[in-house]
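Only one structure is covered here, and it is reproduced in the block below.
Atoms considered below: every heavy atom in the structure, side chains included; atoms not considered: hydrogens, waters and symmetry mates. Note on naming: letters A, B, ... go to the chains in the order of the sequence lines (proteins, then strands), and numbering restarts at 1 for each one.
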Protein chains: 2
Amino acid sequence: MKTIKLVIADDHELFRNGLKELLKKYDDVDVVNLVEDGEEFMNYIDINQDIDIVLLDITMPNMDGFEVLDKIKTVNPRIKPIIISMHDEGNYIAKCAKKGAYSYLLKNTDQEELIKVVRIVNEGRKYFSHSISEKMINYMSENPVSDNILSNKETEVLELISKGHTTKKIAEMLYVSARTIETHRANVLKKLKAKNTAELIKKAVKLKLIT
Amino acid sequence: MKTIKLVIADDHELFRNGLKELLKKYDDVDVVNLVEDGEEFMNYIDINQDIDIVLLDITMPNMDGFEVLDKIKTVNPRIKPIIISMHDEGNYIAKCAKKGAYSYLLKNTDQEELIKVVRIVNEGRKYFSHSISEKMINYMSENPVSDNILSNKETEVLELISKGHTTKKIAEMLYVSARTIETHRANVLKKLKAKNTAELIKKAVKLKLIT
DNA sequence: TTAAAAATCCGTATAAATACGGATAAAAAT
DNA sequence: ATTTTTATCCGTATTTATACGGATTTTTAA
């Protein structure tokens, strides 16, 4: 029987190593490497192309899981990425699905579920659990525009708003009229379906549109 | 040699089990139980009082790590809690230190560090690494008021503001005059040193004062 | 039990944000 | 080459938020 060659990419050392230990008991799975961020992972698969699956965390330094999903498709589309994240927000799930992830697991998944999904994905099939797909669908119906919602200028303005600058001040900073900023502001409010600045900023932070 | 009796409290099944596997290799440590939230932990130590250390996550459902720290002191002060969190924000660290945690580790700590700290704490000594103490100290000097900055009412009002409700609306919801809400609002602005609502909400989210 | 903190309320005024409903030129995408 | 998006600008009006500088009652803590 051919073993499933698997890499774990997660910036939490304890999680990474613990997961490796957990997977030792399954004979059909071979954890061939542990990496702590996306960059290291991309470097690794540059020279080791014979990998079946990568268990991929989203939040990592240097290069996050999203970027890895993007790049892996051109570099080595044979590798099937499974996201293991603790974020169960719909936008995260939707983004990963769109970027070609084969599955999306939460870190509180149990071992049986994990190994089940690894085996399914190894067959080339995608697997999203009921609760995960549900969250994604709810998100998409609430946010039809989904990703890349804001233009560059809008993001710039939003960032300045979140720093506490007023419309007038921002206009001065960007050398445009206050009316322009007002329009951007209104458009951003509309796009994020926020009633006012307070809700806007909260949503923007949650969606990581601002830092 | 007496073994160190240890419980792991973390809502992420994979982490919990992985950590247990990791600790198996150390003969002086005995992982006597795994629990997935603070409530389960408190129930467990009600009947099993002979525990030395609990590795405690902060973010958990039902009862979080902060509450556990509070309660454990009265219920069984012999148990020494070590926080294992992925949050490296100063306010978290400061809060835990104040509540009596024996150590604060990040989830990207390596095994050697972990076992070292477990052994130190088991001797009854507290241990906070240099980088962790540094973060805490910076936080405290920047935020003299440190934790529990906001009163209950203030937090409630802040939460409603962040949901996009206006002062007037919030006043109606809480059956008080709009003036009261204005005052709360002003006080919260002052306490968080924010220029306006936008900055306020951003800071509040960052400090996890609102969900 | 006494001091401190929290929750409540008000006047006056200005500044800022939001809600309408437009328009045009440049840039990007198809 | 044509459509769509983006960035820019404007008028009018209303609603909200912020900035001063107070005060009283209730609750909590020392």
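- Nearest to the side-chain atoms of B:Ser177 among the listed nucleotides C:dA7, C:dC9, D:dA17 stands C:dC9.
- For B:Thr180, the side-chain atoms get nearest to C:dT8 when compared with the rest of D:dA17, C:dA7, C:dT8.
- For A:Val176, the side-chain atoms get nearest to D:dC9 when compared with the rest of D:dC9, C:dT18, C:dC9.
- Comparing C:dA16, C:dC9, C:dT18 by their closest approach to the side chain of B:Arg179 singles out C:dC9.
- In this structure, B:Asn196 atom CG and C:dA17 atom C1' are separated by 11 Å, rounded to whole Å.
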Stepwise, does the side-chain contact (heavy atoms from CB on, under 4.5 Å) test hold for B:Ile53 with B:Tyr102? CA-CA 9 Å; B:Ile53 287 177; B:Tyr102 275 68; over 6 Å; no
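- Distance, A:Leu160 CG to D:dA7 C1': 16 Å, rounded to whole Å.
- B:Lys195 places its NZ atom 13 Å from the P atom of C:dA16, with the value rounded to the nearest Å.
- Of the candidates D:dT6, C:dA6, D:dA7, D:dT6 carries the atom nearest the A:Lys191 side chain, counting heavy atoms from C-beta on.
- Look at CD on B:Glu156: it is 12 Å from C1' on C:dA7, rounded to the nearest Å.
- Salt bridge absent: B:Glu182 and B:Arg185 never bring a charged side-chain N and a carboxylate O closer than 4.0 Å.
- Salt bridge annotation for B:Glu13-B:Arg16: present, with a cationic side-chain nitrogen under 4.0 angstrom from a carboxylate oxygen.
- The pair B:Glu113-B:Lys116 meets the salt-bridge criterion, since a charged nitrogen lies less than 4.0 angstrom from a carboxylate oxygen.
- Taking 4.0 angstrom as the limit, A:His184 places a side-chain polar atom (N or O) nearer than this to OP1 or OP2 of D:dT8.
- Of the candidate nucleotides C:dT18, D:dT16, D:dA7, C:dT18 has the atom lying nearest to any side-chain atom of A:Arg185.
- In this structure, A:Thr183 reaches the bases: a heavy-atom distance under 4.0 Å links it to at least one base atom across the strands shown.
- Each of D:dT18, D:dT16, C:dA17 was ranked by its minimum atom distance to the side chain of B:Glu182; first place goes to D:dT18.
- Contact annotation: A:Thr167 reaches the phosphate of C:dA17 (side-chain N/O to OP1 or OP2, under 4.0 Å).
- Atoms CD1 (A:Ile181) and P (D:dT8) sit 7 Å apart, rounded to a whole Å.
- For the OP1/OP2 pair of D:dT18 and a distance below 4.0 Å, the side-chain nitrogens and oxygens of B:Thr197 include at least one atom meeting the criterion.
- Atom CG of B:Leu200 is separated from atom P of D:dA19 by 12 Å (rounded to the nearest Å).
- Summarising the geometry, the separation between CG on A:Leu189 and C1' on D:dT16 is reported as 13 Å, rounded to the nearest angstrom.
- Annotation for B:Lys73: atom NZ counts as buried by contact number, over 12 foreign heavy atoms lying within 6.0 Å.
- Partner of A:Ile4 under the side chain to side chain contact (heavy atoms under 4.5 Å, CB included) criterion, out of A:Asp52, A:Val31, A:Ile51: A:Asp52 alone.
- In this entry the distance linking CD1 of A:Ile201 with P of C:dA17 reads 11 Å, nearest Å.
- Within 4.0 Å (heavy atoms only), A:Asn187 reaches no atom of the nucleic acid at all.
- Looking at the side chain of B:Lys153, the nearest of the listed nucleotides D:dT18, C:dA7, C:dA17 is C:dA7.
- Out of D:dA7, C:dA7, D:dT18, the shortest distance to the side chain of A:Asn152 is found at D:dA7.
- At D:dT16, one or more side-chain N or O atoms of B:Lys168 fall inside 4.0 Å of OP1 or OP2 (strictly under the cut-off).
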